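Reviewing the structure listed below.
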Number of protein chains: 2
Amino acid sequence: MKFKDNMPIYLQIIDHVKLKIATGEYKRAEKLESVRDMAQKLRVNHNTIAKTYQFLEKDGIIFSKKGVGSFITESEEMISRIREERIFFKISTFVNDLRVLGYSDKKMIEELEKFLKGEIQNG
Amino acid sequence: MKFKDNMPIYLQIIDHVKLKIATGEYKRAEKLESVRDMAQKLRVNHNTIAKTYQFLEKDGIIFSKKGVGSFITESEEMISRIREERIFFKISTFVNDLRVLGYSDKKMIEELEKFLKGEIQNG
DNA sequence: AATGGTGTACTATGTATATAGTACTGAATA
DNA sequence: TATTCAGTACTATATACATAGTACACCATT
């Protein structure tokens, strides 16, 4: 995993975990890697992962049991919400950003289609 | 201007200036607000604006003259590039983010159209 | 009962960011 | 020439972030 240096690592890992939940890679009630294993895997300090897990727990996205481990929420409703909020955020951000740049709805769609077509030719 | 607390202020202001260039609000060779005026307007320390301007100058986006002021680049090519790079970044980020979430090109366009239509009904 | 893996907590250290305050340098102008 | 407005530079202080290292509390298993 690559980190940007203009954003706290623990926030990037929080988003990383939420993304994995949104894509279904992390499933309901699944056991997460331990604080120390995750730290080693991502090459960060275990305190940073501990902070990450504590923030995720505060938001009800995971729950931790001392001496046992950390687990993805048991609420399917929460999992759905994480996915849907993410999709809504991505689309609304996109629309807003392009409108600020002067794009109409029509042009926005056209440019998106052009981008998708051009990609195939290039790659 | 509102700042997010998870990203350095000076980086947010850099983006803010680049956006104004991209939209045409800041024009070629135009004089920027002074370090101290901009600081007062955005309610940050003047050192933060000085840092911002120095980064923008390092990238050739503005140039500063001691005792005179800071100015938008005289290069129209640079201005066009700032706008085009921004648009490309927004579109490619959007496409990538939605693909990660499992969206096909077709579904991506459909959801965008649905969002744009739904918006009109809601607002 | 002892061991090992778990989350958690704490101190210490270093870096980046932002502020406050001050002062210097250069250019335009009254 | 003196003043004013620019950018620039410096010290000091505070906070957030990340690391390193250590230790403790809890739970399951041997």
Side-chain angles (χ1 to χ4, degrees), chain A residues 1-18 20-21 26-75 78, chain B residues 1-18 20-21 26-74:
Chain A
M1 181 174 180
K2 294 174 193 170
F3 299 111
K4 296 178 185 175
D5 56 359
N6 55 9
M7 191 178 162
I9 291 176
Y10 79 95
L11 288 180
Q12 297 184 55
I13 303 175
I14 285 174
D15 191 69
H16 177 250
V17 171
K18 289 176 74 176
K20 287 199 169 187
I21 293 172
Y26 281 155
K27 299 187 200 315
R28 175 182 174 286
E30 176 177 337
K31 192 172 189 291
L32 281 159
E33 289 167 283
S34 78
V35 164
R36 289 170 184 78
D37 285 354
M38 175 80 87
Q40 191 171 24
K41 183 177 164 191
L42 300 186
R43 295 160 158 268
V44 297
N45 192 272
H46 65 261
N47 293 319
T48 302
I49 303 297
K51 191 175 185 177
T52 297
Y53 282 12
Q54 281 157 20
F55 271 77
L56 286 167
E57 177 155 31
K58 180 179 61 61
D59 290 340
I61 295 170
I62 70 172
F63 60 98
S64 299
K65 291 183 195 168
K66 224 182 210 179
V68 184
S70 297
F71 305 84
I72 301 294
T73 176
E74 295 182 337
S75 163
M78 168 69 85
Chain B
M1 181 175 181
K2 295 174 191 169
F3 298 110
K4 297 178 184 175
D5 57 359
N6 54 9
M7 191 177 165
I9 292 176
Y10 79 96
L11 288 180
Q12 297 184 55
I13 302 176
I14 286 175
D15 191 69
H16 176 250
V17 172
K18 290 176 73 177
K20 287 199 169 189
I21 294 173
Y26 281 155
K27 299 187 197 318
R28 175 183 174 283
E30 178 176 335
K31 191 170 189 294
L32 281 160
E33 290 168 282
S34 76
V35 164
R36 289 171 181 79
D37 285 354
M38 175 80 88
Q40 191 172 24
K41 184 178 164 189
L42 299 186
R43 295 161 159 268
V44 299
N45 192 271
H46 65 262
N47 294 318
T48 302
I49 304 296
K51 190 176 184 178
T52 298
Y53 282 12
Q54 282 156 19
F55 270 79
L56 286 167
E57 177 155 30
K58 181 178 61 59
D59 290 341
I61 295 170
I62 72 172
F63 60 97
S64 298
K65 291 183 195 168
K66 225 181 208 177
V68 185
S70 298
F71 305 83
I72 301 294
T73 176
E74 295 182 339

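Computed from a predicted model, the values in this text were never measured in an experiment.
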Taking atom C1' of D/dC17 as reference, at what distance in whole Å does atom CD1 of A/Ile13 sit? 12 Å
Can you measure A/Lys4 atom NZ to C/dA16 atom P for me and round it to whole angstrom units? 20 Å
With the side chain of B/Val35 defined as its heavy atoms from C-beta on, choose the nearest nucleotide among D/dG7, C/dA20, D/dT19. D/dG7
In whole angstroms, how far is the P atom of C/dT19 from the CG atom of B/Leu42? 10 Å
Please determine whether a side-chain nitrogen or oxygen atom of A/Ser64 lies at a distance below 4.0 Å from atom OP1 or OP2 of C/dG7. no
For the atom pair CE (A/Met38) and OH (A/Tyr53), what is the distance rounded to the nearest 0.5 Å? 3.0 Å
Test of understanding: with ring-ring contact (aromatic ring centres under 6.0 Å, His included), list the residues that count as partners of B/Tyr26, not counting sequence neighbours. none
Taking DNA chain D as the partner, which of residues 47-57 of chain A come within under 4.0 angstrom of it by heavy atom? A/Asn47, A/Thr48, A/Lys51
Would you mind reading off the distance between A/Ile62 atom CD1 and C/dT6 atom P, rounded to a whole angstrom? 14 Å
Which letters describe nucleotides 24-30 of chain D, given B = protein heavy atom under 4.0 Å from base, S = only from sugar-phosphate, - = neither? -SBS---
To the nearest angstrom, how far is B/His46 atom NE2 from C/dT19 atom P? 11 Å
Rounding to 0.5 Å, atoms CG (A/Leu11) and NZ (A/Lys4) come to a distance of 12.5 Å
Measure the CE-CD1 distance between A/Met1 and A/Ile13 for me, rounded to the nearest 0.5 Å. 6.0 Å
With nearest nucleotide decided by heavy atoms, which residue, A/Ser34 or B/Val44, maps closer to the 5′ end of DNA chain C? A/Ser34
For B/Tyr10 and C/dT17, is the shortest distance between a side-chain N/O and OP1 or OP2 below 4.0 Å? yes
OG/A/Ser70 to CD1/A/Ile49 distance, rounded to the nearest 0.5 angstrom? 10.5 Å
Considering only NZ, NE, NH1 and NH2 on the basic side and carboxylate oxygens on the acidic side, decide whether A/Glu74 and A/Arg28 come within less than 4.0 Å. no
Parallel, tilted or perpendicular: rings of A/Phe55 and A/Tyr10 (30°, 60°): tilted
Distance in angstrom units between A/Glu33 CD and C/dG5 C1', rounded: 15 Å
Quick one: does B/Thr52's side chain have a donor or acceptor within less than 3.5 Å of a partner on B/Thr48's backbone? yes
Atom CZ of A/Phe71 and atom P of C/dT6: how far apart are they, to the nearest Å? 10 Å
B/Asn45 CG to D/dT8 C1': how many Å, rounded? 13 Å
For B/Lys27 versus B/Ile72, what's the shortest heavy-atom pair and its separation? O-CB, 3.4 Å
